[in-house]
Amino acid sequence: MAPFSFRLSHRDGDARRGEMQTPHGSIQTPAFMPVGTRGAVKGVTMRQLEEVGAEIILGNTYHLYLKPGDSLIARSGGLHRFIGWDRPILTDSGGYQIFSLAEMRRIREEGSEFRSHLDGSLHMLTPERATDIQAQLGSDIAMVLDECIATPAPLAAAREAMERSVRWARRARTRFLQLKDPDGRPPGVTVTNPGQAQFGIIQGGIHLELRTESVERTVDIGFDAFAIGGLSVGEPADVMYDVAGHVARQLPPDRPRYLMGTGMPDDLIESVARGIDLFDCVLPTRNARNGQLFTRSGPLSIKNARFAEDTGPPDPDCPCYTCTRCSRAYLRHLFMAGEMTGSTLNTVHNLFFYLDTMRRIREAILFGTFEKLRQEFRQTYSRRPHH
Ligand SMILES: [Zn+2]
């Protein structure tokens with residue numbers, strides 16, 4: 001299997017066009033990863049994901065560890081085989097879900113202790129354990145365990161979490177390298193994807209000096225690439241752009257940069273403009289299930305009564321399956337009737353819209369017209385529902 005690599009092919013301003021190689025194939029960047037929380041991207045099949053052009057999906061370590069368990073998935077041959085997806089997969093470390101979902105959490109130097117949101121059972125996730133779990137899942141890209149905190153956090157709290165995240169990152173890297181060595185491998189861990197790569201995570205809240213320090217110390221440990229964590233957690237968009245740009249400028253140019261958990265369609269363009277290469281977000285799938293469709297002019301709420309007899313497609317500019325087959329009236333009917341097919345059709349469109357936006361971004365960088373695309377997007381896309 002081909003090990004992890006990244007090749008940067010074009011630049012347009014700070015925007016970058018490249019290609020990531022993983023054991024399960026390549027990914028054109030900038031790229032968006034649909035979120036497959038519990039081994040499924042909610043509402044769609046793997047075939048539909050392939051049809052909308054997904055090149056990589058994200059799996060949540062926290063959820064898969066609790067159910068059905070990483071050992072069961074390892075015995076099934078790893079996550080790719082278990083879920084029937086042979087393209088690349090990135091798994092997060094569970095840190096963010098412990099922060100946002102777990103019923104109780106206690107951060108210690110050893111790791112993060114928490115109670116499952118499913119049954120209240122007590123668990124301890126350490127940097128080593130998070131690395132082991134992801135080795136058993138066999139994702140192509142594993143993330144280090146980091147400590148997530150609420151934003152805006154005071155400087156002292158943000159510093160403490162950043163420094164702990166650096167210490168945890170060092171332990172996660174040590175464990176990852178042990179797992180790579182067949183002779184030094186800790187017992188009881190099945191490595192289902194020997195070509196797995198590991199990304200470090202930059203923390204530091206909205207404090208630029210902390211971010212700079214986190215970059216220096218995390219890059220120093222040595223990872224295949226780097227992610228920016230702790231953003232898209234409630235801070236204003238311009239603050240997020242400033243921090244993402246500040247961090248991206250300092251990261252090694254020959255490695256991909258992943259902005260975790262972002263975002264709205266305009267966030268993707270603005271972040272690419274600042275040198276980001278990789279994104280994930282639940283918005284296209286979650287909002288689809290709530291009846292919100294993303295279009296080139298902004299989000300549209302399909303439950304609106306004015307669509308009851310609207311025979312037009314959800315987005316006239318979109319060539320996706322949903323837009324070529326279904327009217328707004330039909331999708332509104334399915335939503336109002338609670339038909340699960342409605343969620344599927346909405347999800348197909350929203351994912352197509354996100355992935356198509358990334359295709360347009362990549363093409364614009366290739367032709368040196370990214371700034372024009374960005375300005376067009378600013379003029380035509382509104383965050384406010386326009387219907
Ligand atoms: Zn569509």
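In listed order, ligands and their atoms are each counted from 1. Numbers here simply count residues along the sequence, with the first being 1. Below, each value reflects all heavy atoms present in this structure, side chains not excepted, and no hydrogens, waters or symmetry copies.
- Only protein N, O or S atoms were considered, and those under 2.8 Å from the Zn ion (ligand 1) are C318 SG, C320 SG, C323 SG, H349 ND1.
- Using a distance-only test at 3.5 Å, with no hydrogens or angles considered, no donor-acceptor pair links the side chain of R87 to the main chain of G25.
- With F352 as the aromatic partner, R359 meets the cation-pi criteria of under 6.0 angstrom to the ring centre and within 45 degrees of the ring axis.
- The backbone N or O of G138 sits less than 3.5 Å from a side-chain atom of T192, completing a donor-acceptor pair.
- Between the CG atom in D14 and the CZ atom in R274 there is a gap of 9.0 Å [rounded to 0.5 Å].
- One finds no salt bridge joining R378 and D266 here, because no Lys/Arg side-chain nitrogen approaches an Asp/Glu carboxylate oxygen to under 4.0 Å.
- Just one residue in the list R129, R106, R105 forms a salt bridge (charged side-chain N to carboxylate O under 4.0 Å, His left out) with E113, and that residue is R106.
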